[in-house]
Amino acid sequence: MTPPRANSNAARDIANALHPYTDLRTHLDVGPVVIARGKGVRVWDDAGKEYIDALAGLWCASLGFSNERLVEAAARQMRTLPFYHSFAAKSHEPMIDLAEMLIARAPVPMSRAFFANSGSEANDTAIKMVWYFNNALGRTKKKKLIGRIKGYHGITLAAASLTGLAANHRSFDVPLPGFIHTMAPHHYHQGLPGESEEAFATRCADELEKLILAEDPETVAAMWAEPVLGAGGVIVPPATYYEKIQAVLKKYDILLVADEVICGFWRTGNYWGTQTMGMQPDILTCAKALSSSYLPISAVMVNERVFQALADESHKIGTFGTGFTYSGHPVPAAVAVETLKIYDETDIGSHVRQVGPYMQQALRQRFADHELVGEVRGIGLVAAVELVADKATRTNFDPKQKIGARAAKLMEAHGVSGRALINESLGFCPPLIGT
Ligand SMILES: Cc1ncc(COP(=O)(O)O)c(C=O)c1O
């Protein structure tokens, strides 16, 4: 490895920047890939090398990297009102428009939308809402939250506690108490020999019920679920999984929170992943494609039952004492409004329904039989190709070999920017505008 030139972007990065999700020691030797510009589904690094972005950045730049309407929407809003807040009943039109559009597009009847800046913040806020809700109902013991192994809900303290990935827990002293995890709905790895997907789904629901009973149902408040698990390896739960899971949650009056941060806005072939998977959430969080990620914004939608409890409790206390300086910030809100208009006007859903199955089929055709490929999976425009050391026994490589990261580097060398997820699964989640 030749060291980067003094004063190059790479050298200045190594000397000054602390990167998320990076081996900080190795980074000192290897350095960054510095992305300089983007157009359509492509980005270019600062040496001029071109990449197709296989992961739309971080599963998020749904309209690609050069949508002028979004740039214009931001500039227009900045000239009109570059900032205002939404505390203490202040409001502004971009936030009002966006709330109205989200409620109108919700997959199940939703009552109100709250805004934050990231997926993690949306989930953290939803966690606080669940606790507040149960306090309002006088169920002061009903506070435990269930996530799933391999689930990903972000990295703030509470969201990281819901997340079920070792790298997000190790040495960070999370999960916090009161966060518990049920099994991943991944038939390929978790299914027993000869077990059908249907029987596996039943077992997942049985395991969930056992966990709830062991914890005491009176202490369990909510379960969080990405419709299709993203960062945990693009896991599409089996057909009857959510039907069975939801029956268990209903039985014990446990709320379902759908984390639509990746799945929302057509990614799985429907407006919401919730619709693709047949979920009826009480609370829904979204971010990323909400603004095509041109500016940070996320949302939490709550149903009428939850809203009424929040309203009662805040009235008793005198205020709903949570919110961010940038909750509903007018500039990202204006960009999100424009993004949702573009989805509607360009009928992006029909486009995804055309190119999604093609991507799924092409990945399977080209890679499923490869001796190093264990499973190709996904739905709509999100997929993963999992590399295995032994196809017959479905054994993954020793993580120390960093096979996934090495494969991602090879992809990069061939002009495809992407990332390896856990279990050496290469993720595919391109901008929705790809052809
Ligand atoms: C499903 C899901 N939830 C939450 C998050 C966290 O979002 P953020 O990184 O914006 O905090 C992510 C990020 O990838 C995600 O995929």
Side-chain angles (χ1 to χ4, degrees), residues 19-22 53-62 114-128 145-165 167-169 172 174-175 179 181 184-185 222-237 256-268 272-274 276-277 279 281 283-301 324 326-327 329 332 335-336 339 378-384 418-422 425 427-430:
H19 282 264
Y21 281 99
T22 299
D53 200 318
L55 217 53
L58 289 173
W59 329 73
C60 59
S62 48
F114 173 96
F115 296 101
N117 309 290
S118 65
S120 300
E121 285 180 2
N123 283 319
D124 252 56
T125 302
I127 291 164
K128 292 174 76 181
L145 303 169
I146 302 178
R148 291 180 296 194
I149 293 165
K150 295 190 182 172
Y152 188 77
H153 304 290
I155 47 66
T156 45
L157 275 173
S161 298
L162 273 178
T163 289
L165 296 170
N168 300 113
H169 292 169
F172 285 117
V174 290
F179 291 82
H181 296 85
M223 176 171 174
W224 250 252
E226 302 157 83
V228 173
L229 291 81
V234 187
I235 299 164
V236 185
L256 174 64
V257 182
D259 180 340
E260 292 264 13
V261 169
I262 287 179
C263 295
F265 311 103
W266 293 110
R267 179 54 65 187
T268 65
W272 303 101
T274 301
T276 302
M277 302 309 296
M279 298 163 73
I283 298 178
L284 182 157
T285 58
C286 60
K288 296 193 191 272
L290 171 57
S291 62
S292 188
S293 295
Y294 279 38
L295 285 171
I297 185 165
S298 62
V300 185
M301 283 194 268
F324 303 97
Y326 305 136
S327 278
H329 191 300
V335 170
T339 304
I379 188 165
L381 271 179
V382 58
R419 253 176 80 212
L421 313 167
I422 62 158
S425 294
F428 292 86
C429 186

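This structure is a prediction, so every number in the text was calculated from the model and none was measured. We count ligands from 1, going down the list as the structure has it; atoms in each ligand are counted the same way.
Near D259, meaning under 4.0 Å from one of its heavy atoms, ligand 1 places the atoms 1 (C), 2 (C), 3 (N), 4 (C). Interface atoms of ligand 1 facing G119, defined by a heavy-atom separation under 4.0 Å, are 6 (C), 7 (O), 8 (P), 10 (O), 11 (O). Below 4.0 Å from some heavy atom of S118 lie the following atoms of ligand 1, by number and element: 10 (O), 11 (O). With ligand atoms numbered from 1 in the order given, ligand 1 contributes 1 (C) to contacts under 4.0 Å with heavy atoms of E226. The ligand atoms of ligand 1 that sit less than 4.0 angstrom from a heavy atom of I262 are 16 (O).
Only the side chain of K288 comes within 4.0 Å of ligand 1, judged by heavy-atom distances. Contact annotation: for N123 versus ligand 1, heavy atoms closer than 4.0 Å belong to the side chain alone. Proximity of H153 to ligand 1, defined as any heavy-atom pair under 4.0 Å, is confined to the backbone N, CA, C and O atoms.
The shortest side-chain heavy-atom distance between L284 and V300 does not fall under the 4.5 Å cut-off.
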Evaluation steps, side chain to side chain contact (heavy atoms under 4.5 Å, CB included), between S298 and F115: CA-CA 6 Å; S298 62; F115 296 101; over 6 Å; no

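A 6.0 Å sphere centred on OH of Y326 holds no more than 12 heavy atoms belonging to other residues, nucleotides or ligands.
Distances between N or O atoms of S120 and those of ligand 1 include at least one value under 3.5 Å.
Of all non-hydrogen atoms in G154 and S120, the two that sit nearest each other are CA-OG, 3.2 Å.
Using cut-offs of 30° and 60° for the angle between ring planes, the W272 and F265 rings count as tilted.
Tested against E121 for a side chain to side chain donor-acceptor pair (under 3.5 Å), the candidates N117, N123, T125 yield a single pass: N117.
In summary, the side chains of D124 and T156 do present a donor paired with an acceptor at a separation below 3.5 Å, with no hydrogens or angles considered.
One option in I155, V261, T163, L58 has a heavy atom closer to atom 5 (C) of ligand 1 than any other, and that option is V261.
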